[in-house]
S.K.: 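Please find one structure pasted underneath; my questions will follow.
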Amino acid sequence: MTDKTEQVRRWPVLLREPLVHFILAALVVFIAWNIVASGRADEARTIRVSGADLERLASIYTAEAGALPSGEDMVAMVNDYVRDEALAREAKRLGLDEGDTIVTRRLAQKMTFMVADLAREETPDDAVLRDWYETHADRFTQPQKVTFRHVFFSEDVRGASATGDAEAMLGDLNTGKDWREAGDPFMLQRAYGDLPLREVVRLFGGDFAQSLAATAASDLWTGPIRSALGVHLVQVSANAPPQLQPFEDVKDAVLADWQDQTRREANEEAIQDIIARYKVEVEGINAE
């Protein structure tokens, strides 16, 4: 019996050895992995420009230029798109995106937008809206509004005598003196109609607004009242308190407010669910 014949007879025995089975299985896995890896590498090296991408590029161009893009414009935009995509992928391959705060924030922002787009819009019934309206009545309340005239006395011009001059002028105004000819020139208006109190604060300061808000409507002049600009005598002809608008008049605003708040809460819940998938470790801090 030759050596070659003996080797042929030993093959069935070798095939039954566990070590041989392991080697063959490893070989199959290695070949399969190489096939998959090759496919993934080809996929990673492929930049696809879909029909949706083309529509998006055309929409951006139209919004910016006010006209549809020509064929040359589309070619240029596709070239730019491919260029940016290739550079972005190469930057990621080299790890240039790691530790970059701007990139991290931009990706987080895009993810936030995506979460918002996936949120389901709900339409509540009137009972829910009325409850929201009553719970957040301050959001649907017209602010206090004041209609007034004023005479200004400049401390820059009169110095310490500004307040005394205003007190002396008060009686003249209440006995018929023309208010338009009294006092000093004023850089803003000398009469305001239905001015919201927050605007009074912005223009004259908080102390003046507080005094004006507490002044009842009357034909009489009162003061002096100090503002951030100087000293004033005022005549308040109308002082409308804050007023809650009727539900039916602001129903659309109530719905928009409810939907906005609900959307924000749903988005935050979705984001917290995403965060919960990760384990957070802070060096130097033991989180229990």
Side-chain angles (χ1 to χ4, degrees), residues 63 109 111-152 166 170 173-174 179-180 182-183 186-273:
Q109 185 183 52
M111 190 65 197
T112 300
F113 290 154
M114 190 184 78
V115 169
D117 289 340
L118 294 176
R120 185 167 58 92
E121 193 79 7
E122 296 183 32
T123 303
D125 57 26
D126 277 10
V128 172
L129 289 182
R130 282 189 177 276
D131 181 67
W132 184 264
Y133 165 79
E134 293 169 2
T135 304
H136 303 88
D138 58 305
R139 302 183 185 182
F140 312 105
T141 297
Q142 290 280 4
Q144 182 173 359
K145 295 180 180 180
V146 184
T147 298
F148 68 98
R149 302 166 177 171
H150 73 100
V151 174
F152 176 63
L170 182 61
L173 291 175
N174 281 324
W179 63 275
R180 288 178 289 265
F186 188 66
M187 67 181 69
L188 303 175
Q189 296 174 219
R190 299 186 65 170
Y192 294 88
D194 288 333
L195 189 67
L197 203 60
R198 58 176 176 270
E199 283 298 301
V200 178
V201 173
R202 185 179 68 84
L203 295 173
F204 295 90
D207 291 341
F208 181 89
Q210 186 174 2
S211 296
L212 200 65
T215 302
S218 170
D219 292 333
L220 296 177
W221 286 81
T222 61
I225 299 176
R226 179 173 296 278
S227 77
L229 304 171
V231 178
H232 309 255
L233 297 176
V234 297
Q235 190 257 317
V236 178
S237 57
N239 193 338
Q243 184 174 6
L244 179 62
Q245 301 175 84
F247 173 75
E248 294 300 335
D249 291 352
V250 293
K251 185 176 178 180
D252 289 343
V254 175
L255 172 61
D257 191 64
W258 183 92
Q259 288 178 329
D260 181 65
Q261 183 66 29
T262 303
R263 190 183 305 114
R264 289 174 184 270
E265 292 175 355
N267 291 348
E268 184 59 28
E269 183 178 351
I271 291 171
Q272 290 302 320
D273 287 343

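Atoms considered below: every heavy atom in the structure, side chains included; atoms not considered: hydrogens, waters and symmetry mates. If you read the sequence from its start, that first residue is 1, and numbering goes on from there. The structure presented is a predicted model; accordingly, all values stated were derived computationally and were not measured.
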S.K.: Given 3.5 Å as the limit, does a donor-acceptor pair link the side chain of Thr147 with the main chain of Asp194, or not?
M.R.: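 Here the side-chain-to-backbone pair exists.
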S.K.: Has Asn239 got a side-chain atom pairing as donor or acceptor with Ala214's backbone, closer than 3.5 angstrom?
M.R.: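 Such a contact is absent between Asn239 side chain and Ala214 backbone.
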S.K.: Under 3.5 Å, is there a donor-acceptor pair between the side chain of Arg190 and the main chain of Trp179?
M.R.: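 Side chain of Arg190 to backbone of Trp179: a pair is present.
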S.K.: Tell me which pairs pass salt bridge (charged side-chain N to carboxylate O under 4.0 Å, His left out) where either residue lies in residues 206-226, with sequence neighbours left out.
M.R.: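 Counting only pairs at least two positions apart or across chains, the salt bridge (charged side-chain N to carboxylate O under 4.0 Å, His left out) contacts touching residues 206-226 are Glu155-Arg226.
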S.K.: Can you pull out every salt bridge (charged side-chain N to carboxylate O under 4.0 Å, His left out) where at least one residue sits in residues 230-239? Sequence neighbours excluded, please.
M.R.: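 Checked against salt bridge (charged side-chain N to carboxylate O under 4.0 Å, His left out) - neighbours excluded - no pair reaches residues 230-239.
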S.K.: Measure the spacing between CZ of Phe148 and CG of Leu212 and express it to the nearest 0.5 Å.
M.R.: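 So the CZ of Phe148 and the CG of Leu212 are separated by 5.0 Å.
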S.K.: Assess the residue pair Tyr133 and Asp257 against the criterion (side-chain contact (heavy atoms from CB on, under 4.5 Å)); give the C-alpha distance rounded to whole Å, side-chain angles, the decisive distance to 0.1 Å, and a yes or no.
M.R.: CA-CA 9 Å; Tyr133 165 79; Asp257 191 64; over 6 Å; no
S.K.: Hey, what do you get for CG (Leu195) to CG (Leu203), rounding to the nearest 0.5 Å?
M.R.: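 Reported to 0.5 Å precision, the distance equals 6.0 Å.
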S.K.: Nearest 0.5 Å please: distance from the CZ atom of Phe204 over to the CD atom of Glu199.
M.R.: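 Interatomic distance, Phe204 CZ to Glu199 CD, rounded to 0.5 Å: 11.0 Å.
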S.K.: Within this structure, what is the CG-OG distance for the pair Leu188 and Ser227, rounded to the nearest 0.5 Å?
M.R.: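 With rounding to 0.5 Å, CG (Leu188) is 9.5 Å from OG (Ser227).
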S.K.: For the OG1 atom of Thr222 and the CG atom of Leu173, what is their distance to the nearest 0.5 Å?
M.R.: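 Those atoms lie 10.5 Å apart.
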S.K.: Could you check whether any side-chain heavy atom of Leu197 comes within less than 4.5 Å of a side-chain heavy atom of Lys145, counting everything from C-beta outward?
M.R.: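 No, too far: nothing below the 4.5 Å cut-off.
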S.K.: Show me the donor-acceptor pairs, under 3.5 Å and distance only, between side chains in residues 124-131 and residues at least two apart or in other chains.
M.R.:
| from | atom 1 | to | atom 2 | distance (Å) |
| --- | --- | --- | --- | --- |
| Asp125 | OD1 | Ala127 | N | 3.2 |
| Asp125 | OD1 | Val128 | N | 3.0 |
| Asp126 | OD1 | Lys251 | NZ | 2.9 |
| Asp126 | OD2 | Lys251 | NZ | 3.2 |
| Arg130 | NH2 | Glu248 | OE2 | 3.4 |

S.K.: For atom CD of Gln245, is the number of surrounding heavy atoms from other residues, nucleotides or ligands below 6.0 Å larger than 12?
M.R.: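 It does: Gln245 CD has more than 12 such atoms within range.
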S.K.: Hey, what's the ring geometry for His150 with Tyr192, parallel, tilted or perpendicular (30° and 60° as the breaks)?
M.R.: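 Aromatic pair His150/Tyr192 classed parallel.
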S.K.: Drop me the distance from Phe152's CZ to Met187's CE, to the nearest 0.5 angstrom.
M.R.: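 Going from CZ on Phe152 over to CE on Met187, the span is 6.5 Å.
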S.K.: Of Arg263, Arg264, Gln259, Glu265, which is the lone residue that meets side-chain hydrogen bond (donor to acceptor under 3.5 Å, both in side chains) with Gln261?
M.R.: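 In the set Arg263, Arg264, Gln259, Glu265, the residue that makes a side-chain hydrogen bond (donor to acceptor under 3.5 Å, both in side chains) with Gln261 is Glu265.
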S.K.: Tell me whether the rings of His136 and Trp132 are parallel (<30°), tilted (30 to 60°) or perpendicular (>60°).
M.R.: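 If you compare the ring of His136 with that of Trp132, the planes turn out tilted.
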